[in-house]
Number of protein chains: 2
Amino acid sequence: MRQNHETVKRSRGRPQKRCDADTLHLIVEAADREFQSKGYAGTSIMTVAQRAGVSTKTLYKLVATKAELFERTIQDRIGRFLLDVVDDVSDDLDPRAALEHILFAFGVLTLSPETIAITRLVISECERFPEVARAFYQSAIVPVNGIIEAWLTTQKDKGLLRFDDVHITSGLLRGMMIMEPQRTAMMAQRGAPHRDEIALRARQCADVFYNGCKA
Amino acid sequence: MRQNHETVKRSRGRPQKRCDADTLHLIVEAADREFQSKGYAGTSIMTVAQRAGVSTKTLYKLVATKAELFERTIQDRIGRFLLDVVDDVSDDLDPRAALEHILFAFGVLTLSPETIAITRLVISECERFPEVARAFYQSAIVPVNGIIEAWLTTQKDKGLLRFDDVHITSGLLRGMMIMEPQRTAMMAQRGAPHRDEIALRARQCADVFYNGCKA
DNA sequence: CTATTTGGAAAATAGCAATTTTCTAAATGA
DNA sequence: TCATTTAGAAAATTGCTATTTTCCAAATAG
């Protein structure tokens, strides 16, 4: 851990129990939970402060407004987003199996309760926070799509798959994999799917798509 | 006190300039526009009343609460939504062409700015108004899905298509067709697609799916 | 004209939640 | 001890908006 070098010479009064960064972290974490379960309008600053174990005064010393707090929490999540979608797409798998593998990873990432919650938040608040929506789209969605598009392009170049436009085709594939469960969950008509449901879906999806596009 | 909408015998005082139903219609129409552009929280009852050309008093005489007004607007839209579901799935087309035809109609319906707006609204408010979300899901989404599932089942029975579960397969197909443009538009990262874009997508989609599932 | 009913305009009420401020109790170096 | 700084708790302030109420002009049957 890094200590605060600043404290070589301690100032006069009562010392902070935590450095500002740590306190901010607690606040953002609490806010994240609240925004995720209650939405923007439904979340009260007082509740966030209580959950974080700080007073509203302290909170406002570190975060100027509720809007800023919201933006910070989303940014925070975006940062953790593009984890390992396809680190291990070994080329020794046959294309159909590799596709299923990729779709499964993609499904696990995008159909997790957290991702579904943040997606709903972004959709709900994109009018109020266009920059946040933009950031989410550019930093979370686009790169993940990029990975899938790259794989598709590789297969096409190898002469294993046949299709017109990579971008559109990738959109078809991703929609096939996640739309139905994601939308249903976002409308709270069902919970997020379990791993085995995702696996099943990945298989069916890979079957249809591979059959539909194989050269 | 009690109104007789027949007005066979006019009561004593000043007559209504419109019957309640008409006034209500004006109100719901105005509310629809407001909710669609400002969302639930962003819509003020006063503004709705002004747009409808009535006073808040009149509004509250016909609609008890803001929540009720919201439900009415959604119900109203659901009504129009289902009217649009024209099931002119002609059987004289070959299956691939018929599929493209269906997907195009489905796309035009679900990718219209209005449908996208209402979908976003439902996603945004489904925590606060679970009944509305359920109504939308049951009255709008399920029936439309039903039409596609019915067609798929017919083709399977004819031995023209091959797949496991109709429900899942229909979900794959619908997701393929609309997710990408719908989600992008809901996040305000792009406008609703035009007819020709929808047509193009329907073609690509039909190609992949038909190839992928033909017997 | 008069009694009676319909709304419109605007003010009043109410409640909630973001943001500020006050008061007070720690801590701690000098 | 004292000066100084950190925070928490709670109260105050502010502003917004849903919902009610008041007051009044319009319309019309009798």
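Throughout, protein chains are lettered first and strands after them, A, B, ... in sequence-line order, and every chain is numbered starting at 1.
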Practice task
Name all residues meeting the salt bridge (Lys or Arg N to Asp or Glu O under 4.0 Å) criterion together with B:Arg174; count only those two or more places apart in sequence or in a different chain, and write none if there are none.
Solution key: A:Glu180
Fill in the blank from the handout: A:Thr169 and A:Asp165 have their tightest heavy-atom pair at OG1-O, 2.6 Å
Handout entry: For B:Phe35, ring pair (Phe, Tyr, Trp, His ring centres under 6.0 Å) partners two or more places apart
Key = B:Tyr40, B:Phe70
Between N or O atoms, less than 3.5 Å apart, protein on one side and nucleotides 14-16 of chain C on the other: list the pairs.
none

Using atom types as modelled, flag every donor-acceptor pair under 3.5 Å from a side chain in residues 103-116 of chain A to any protein atom, sequence neighbours excluded.
unit_1	atom_1	unit_2	atom_2	d
A:Thr110	OG1	A:Phe106	O	2.8
A:Ser112	OG	A:Leu109	O	3.4
A:Ser112	OG	A:Glu114	OE1	3.4
A:Ser112	OG	A:Thr115	N	3.1
A:Ser112	OG	A:Thr115	OG1	2.9
A:Thr115	OG1	A:Leu109	O	2.8

Residues 126-140 of chain B side chain polar contacts: donor-acceptor under 3.5 Å, at least two apart:
unit_1	atom_1	unit_2	atom_2	d
B:Glu127	OE2	A:Arg120	NH2	3.0
B:Arg128	NE	B:Glu125	OE1	3.2
B:Ser139	OG	B:Ala135	O	2.8

Exercise for the section: Tell me whether the OP1 or OP2 atom of D:dA7 has a side-chain N or O from A:Gln16 closer than 4.0 Å. Expected result: yes
Handout entry: Stretch residues 60-75 of chain A: residues that reach within less than 4.0 Å of DNA chain C through a heavy atom
Key = A:Tyr60, A:Thr65, A:Lys66
Problem - Polar side-chain atom of B:Lys38 near backbone of B:Arg33 as donor-acceptor pair, under 3.5 Å - result: no
Practice task
Can you tell me which residue pairs pass the ring-ring contact (aromatic ring centres under 6.0 Å, His included) test with a partner in residues 163-205 of chain B, sequence neighbours excluded?
Solution key: none
Exercise for the section: Assess whether atom CZ of B:Arg18 is packed by more than 12 heavy atoms of other residues, nucleotides or ligands within 6.0 Å. Expected result: yes
Contacts under 3.5 Å, N or O only, protein and nucleotides 24-26 of chain D:
unit_1	atom_1	unit_2	atom_2	d
D:dA26	N3	B:Arg14	NH1	3.3

Problem - Within residues 197-208 of chain B or reaching into it, pairs that qualify as side chain to side chain donor-acceptor pair (under 3.5 Å) - sequence neighbours excluded - result: B:Arg96-B:Asp207
Completion exercise
A:Asp20 meets the salt bridge (Lys or Arg N to Asp or Glu O under 4.0 Å) criterion, sequence neighbours left out, with none
Practice task
Could you list by number each residue of residues 26-56 of chain B showing a heavy-atom separation from DNA chain C of less than 4.0 Å, or answer none if no residue does?
Solution key: B:Gly53, B:Val54, B:Ser55, B:Thr56
Handout entry: For the student: nearest non-hydrogen atoms of A:Ser170 and A:Ile148, plus distance
Key = OG-CG2, 4.2 Å
Handout entry: Main-chain N/O of B:Glu34 paired with B:Thr43 side-chain donor or acceptor, under 3.5 Å
Key = yes
Exercise for the section: Could you list all the salt bridge (charged side-chain N to carboxylate O under 4.0 Å, His left out) pairs where at least one residue sits in residues 52-69 of chain A, not counting sequence neighbours? Expected result: A:Glu68-A:Arg72
Exercise for the section: Write down the distance between CZ (B:Arg18) and P (D:dA27), rounded to a whole number of angstrom. Expected result: 14 Å
Completion exercise
Here the distance between atom P of C:dT21 and atom CG of A:Leu59, to the nearest Å, is 16 Å
